[in-house]
Every structure is written in structure tokens, then in C-alpha cells.
Amino acid sequence: MNEQALTVREAIIGRRSIKKFNGQPVDRADLLQIIDDAVWAPNHQNREPWRLVVACGKELFQLHDLLRNTTIPDWRTLSEEEVEKRMQKFTTPGGYVFVIVPEDPRQKERLEDFAAACALIQNMMLLAWDYGIGSCWKTPEFLDKPDFRKALGVKPGERIVGMVQFGYFDELPKGKDRKKSDEIVTIFGENEEEHKEE
Ligand SMILES: Cc1cc2nc3c(=O)[nH]c(=O)nc-3n(C[C@H](O)[C@H](O)[C@H](O)COP(=O)(O)O)c2cc1C
């Protein structure tokens, strides 16, 4: 683990989604420590609604097979090089975390649980960044495919919030500028006159 000890602000504004990993393995103990810390995310009524499926180390090969069968169903008709090329985005991360929540039939609770899981994911990504480990939160359509869900052990009434890839990288992507507060903030009460005219 490469201890960077960034400030919270440095981690938040410096983190970038890594879409090109370099294949270096991620230590399972690091990933589990990241999860043990990330669970301090806010969650309503302390429901801790999440559960996580982790692949890191030897079980990655099995996950790669699943990802190949899911995303390239005709892989047997392609050359080994072609399959390898298409699989690179899946084979280069050193670890995977699938975050799963129950789909509560009550809308309020369902949205709260989803929101809490999103906070957990952001925590994981920031903690990883502090260890020098990049990540990318992905929501490909196949996460909802019955065969994929079954292979991951996702039960009826559960939803995969995201597939988070973790790994090391050689190049830091440049982030897209964000809107500033003057573009997205309305000061409470400031538009009162406008509303009166409506
Ligand atoms: C809910 C969510 C889903 C995302 N899904 C994908 C995805 O499927 N594939 C992908 O390449 N990036 C995905 N991203 C990453 C975004 O592309 C990335 O966060 C965005 O470009 C901003 O870049 P930054 O994270 O470096 O600031 C997702 C991000 C979020 C929050």
C-alpha cells in the first residue's frame, strides 16, 4: 500500500476515474481495509443496506470468464488476439467490488438505501485514491442481466448499484472542469420578485 495521506479536499478534487489500468495486482488486504473504512458512510436508520461481492487475486480469472461470456457471447468465433483486445478493459483492473442493495418496496427506503450505497462507493473510491489505487464506478447494462446476476449470487429483490474496478495506472486522466457555484446555486429567497410576477 502506497500511503499518500491526502487531505479530504485533495482526495475529492484530485481523484479521477481510471479507465486504463496497468494490470498490477491489488492486494486483497488493501481492498478489504478500504471496505472496512468505507462502511462509515451515512445510511438512514443505520440499516447498512449494502453487501459487496469482491473479486481480487485468483478469483479474477473466473470473473474474467463470466465477463467474457456475458459481453462477447460469440467469443469462440473470434481470434484469441481479438478476444484479448476486447477484454482488456476487464482484465487490467486488479480488483472488483460489486455493490448490492435490497430493493425495498417502499420508495423512500429504496431511495435511501440506494443513496447510502452511493456514499459507500464514493468513500471506497476516495480511500483507494489515498492508497494510490485508482478506481472506476461502472454501470454497464449487463449488471441487470439474469445470468450475470445469478453468477454473482444476486437474489431476487436485490439490485447491483455498481461495478467498481480498482487498480493501478500509469497515466492520470485530466478531469473535465466542473460548474462553479455561481452556475448551480440559487440563494434562498433571491428569486422572490420573479416568482411574484408569475
Ligand atoms: C453512477 C455512475 C455510473 C458510471 N458508469 C460508468 C460506466 O459505465 N462506464 C464508465 O466508463 N464510466 C462510468 N462512470 C464514471 C464517469 O464516467 C466519471 O465519473 C465521469 O467521467 C467523471 O470523471 P471523474 O470521475 O474522473 O471525475 C460512472 C460514474 C457514476 C457516478
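Ligands are counted one by one from 1 in listed order, and the atoms in each one are counted from 1 as well.
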Enquirer: Look at the aromatic rings of Phe61 and His64 and report parallel, tilted or perpendicular, splitting at 30° and 60°.
Expert: perpendicular

Enquirer: Restricting to pairs with a member in residues 34-47, which pass side-chain hydrogen bond (donor to acceptor under 3.5 Å, both in side chains), not counting sequence neighbours?
Expert: Gln33-Asp37, His44-Glu112, Gln45-Arg47, Arg47-Glu112, Arg47-Asp113

Enquirer: Can you see whether Trp129 has Arg15 sitting over its ring - NZ or CZ less than 6.0 Å from the centre and within 45° of the normal?
Expert: no

Enquirer: Please name the pair of heavy atoms, one in Val161 and one in Ala117, separated by the smallest distance, quoted to 0.1 Å.
Expert: CG2-CB, 4.0 Å

Enquirer: Regarding Arg51 and Glu158, does a basic nitrogen lie under 4.0 Å from an acidic carboxylate oxygen?
Expert: yes

Enquirer: More than 12 heavy atoms of other residues, nucleotides or ligands under 6.0 Å from CD of Glu183: yes or no?
Expert: yes

Enquirer: Output the set of protein residues with a heavy-atom contact under 4.0 Å to ligand 1, ordered first by chain identifier and then by residue number.
Expert: Arg15, Arg16, Ser17, Lys19, Cys136, Trp137, Lys138, Thr139, Arg178

